[in-house]
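Single-structure report; data block below.
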Number of protein chains: 2
Amino acid sequence: MPKIGMEPVRRRALVDAALQVIGDQGTLSVTMSDIARKAGVSPALAHHYFGSKEQLLTETIRFLLRQLRQDTVRALQAAELPRDRISAIIRVSFQADQFAPETIAAWLAFYSEAQRSEATRRLLVIYARRLHSNLVDSLKRLCSADDAHRIAEGTAAMIDGLYIRRALGSSPVTAEASMRLTDDYITLNLQALSSLTDTDKGHAA
Amino acid sequence: MPKIGMEPVRRRALVDAALQVIGDQGTLSVTMSDIARKAGVSPALAHHYFGSKEQLLTETIRFLLRQLRQDTVRALQAAELPRDRISAIIRVSFQADQFAPETIAAWLAFYSEAQRSEATRRLLVIYARRLHSNLVDSLKRLCSADDAHRIAEGTAAMIDGLYIRRALGSSPVTAEASMRLTDDYITLNLQALSSLTDTDKGHAA
DNA sequence: TATTTTTGATTGACCCATCAATCAATAAAA
DNA sequence: TTTTATTGATTGATGGGTCAATCAAAAATA
């Protein structure tokens with residue numbers, strides 16, 4: 001069996017397995033045995049490659065983050081206009097794999113973990129900042145910096161909130177409806193701002 | 001030591017303690033010992049009154065929910081106009097005790113638990129439904145039922161999302177800013193709808 | 001090519017700590 | 001005395017982490 005160069009293969013398999021198990025059980029309180037079994041290896045091997053459960057979990061969230069960034073970069077490359085870029089960012093957040101119940105369950109578990117683990121918190125803050133600054137970059141081309149900040153904050157919150165509600169599984173929050181809701185929020189804000197600069201600045205009482 | 005009629009006192013103390021410990025540690029993986037110690041009793045007594053850890057936790061989330069409902073009812077009694085009632089609902093969501101980091105950490109932990117525990121999920125769904133229907137009730141007096149639904153969905157998502165972002169502790173999300181952001185979302189939507197029914201239904205290109 | 005050596009890959013068995021849950025015993029009211 | 005309140009001691013189960021040992025491919029050597 002033992003061919004050389006198994007390390008990267010095993011690491012990847014274990015991270016994948018961790019993601020699956022965490023997503024299934026909806027918690028980080030999964031055992032190394034669970035993860036190892038899913039990956040088809042012994043618990044000892046998981047320790048051998050990752051040193052500790054904590055490090056395996058850290059690698060796992062890093063993987064999630066990396067994936068999300070790649071998707072975002074790709075989506076942004078295909079969009080030129082600021083308004084289109086914003087929609088692209090939103091679309092990535094709700095794309096199939098990200099919005100899958102297991103993935104969301106995993107995210108939720110990591111958010112909860114961030115209350116205890118400074119390392120986890122730092123990683124999630126990176127995600128939050130990245131989303132925010134991506135939004136602000138494009139928004140700035142459409143409104144003032146202040147407004148851009150405010151709108152970005154609201155948009156990010158709405159995205160995160162839709163995730164949570166999806167996690168609960170109440171009210172059939174589809175990916176499409178979520179996208180539309182978030183995109184409308186952007187449109188609404190921009191419209192409101194532009195109507196202020198129009199000749200008529202009020203409406204009938 | 002043993003006075004009679006201690007049961008309600010102990011139950012309440014244990015639920016309070018559970019809330020504190022869960023909030024501090026940001027997880028439901030707290031020990032009965034932790035909770036009991038905080039409440040100033042032995043772990044055995046906690047089992048005596050609640051039977052199991054799971055039941056104590058269920059009681060704890062019920063307590064949270066009850067508290068939130070009472071606050072909401074009270075806030076709604078003081079508000080007459082639909083638009084004011086909406087603001088009141090929003091205000092309750094971000095009031096001091098609800099928006100405290102420990103409280104949010106506890107909520108987050110329960111959301112995570114809902115992935116596993118059907119009982120917990122059901123309780124959280126109740127909260128979600130209540131928030132939604134409270135919003136819809138007032139919104140319906142200001143717009144169509146369809147729009148009311150949509151706006152309520154967006155508002156609820158934004159509230160939940162602001163909670164999460166607060167939990168992360170990134171970007172100083174104050175309670176006031178959160179309220180304003182959410183309330184603006186309502187205003188923006190209602191304005192957009194009303195402007196559609198105005199005589200002039202467009203703006204300069 | 002055949003043989004030996006080396007090294008990465010892998011695991012079963014074990015240790016130790018933690019924790020939920022139980023129970024028998026004690027102490028104070030009623 | 002009967003009931004209620006309370007706890008210390010105990011236990012069975014679980015899970016992270018360690019370690020010595022095994023196995024097989026690859027590399028070096030004859």
Which nucleotide wins on minimum distance to the side chain of [X], given the candidates [options]?
X	options	result
B:Thr31	C:dC19, D:dG16, D:dT7	C:dC19
B:Ser52	D:dG16, C:dA21, C:dT10	C:dA21
A:Ser42	D:dT7, C:dA21, C:dT10	C:dT10
B:Met32	D:dG8, C:dA20, C:dA9	C:dA20
A:Lys53	D:dG17, C:dT10, D:dT6	D:dG17
B:His47	C:dT11, C:dT22, D:dG16	C:dT22

For [X] and [N], what is the distance between atoms [atom1] and [atom2] respectively, to the nearest whole Å?
X	N	atom1	atom2	answer
A:Leu14	C:dA9	CG	C1'	13 Å
A:Arg10	C:dT11	CZ	P	7 Å
A:Asp34	D:dG15	CG	P	7 Å
B:Arg37	D:dG8	CZ	P	12 Å
B:His48	D:dA9	NE2	C1'	18 Å
B:Glu7	D:dT3	CD	P	16 Å
B:Gln55	C:dA20	CD	P	15 Å
B:Tyr49	D:dT6	OH	P	5 Å

Touch class at under 4.0 angstrom, heavy-atom based, for A:Val30 against every strand present: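 Touches sugar-phosphate only.
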
Derivation of the side chain to side chain contact (heavy atoms under 4.5 Å, CB included) call for B:Asp160 and A:Arg165: CA-CA 8 Å; B:Asp160 287 357; A:Arg165 296 180 81 72; 3.2 Å; yes

A:Ser87 versus A:Arg83, side-chain donor and acceptor atoms under 3.5 Å: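 Indeed, the side chains of A:Arg83 and A:Ser87 share at least one donor-acceptor pair under 3.5 Å.
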
Side-chain donor-acceptor contact under 3.5 Å, A:Asp184 with A:Thr187: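 No pair is found: no donor N or O on one side chain lies under 3.5 Å from an acceptor on the other.
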
ring-ring contact (aromatic ring centres under 6.0 Å, His included) partner of A:Tyr127, the single match among A:Tyr111, A:Phe110, A:Trp107: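 Only match with A:Tyr127 under ring-ring contact (aromatic ring centres under 6.0 Å, His included): A:Trp107.
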
DNA chain D: 5'-proximal contact among A:Ala44 and B:Gly40 (nearest heavy atom):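 Counting from the 5' end, the first nearest nucleotide belongs to B:Gly40.
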
Centroid-centroid under 6.0 Å between A:Tyr163 and A:Phe99 rings: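 When the ring centroids of A:Tyr163 and A:Phe99 are compared, they turn out to be within the sub-6.0 Å range.
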
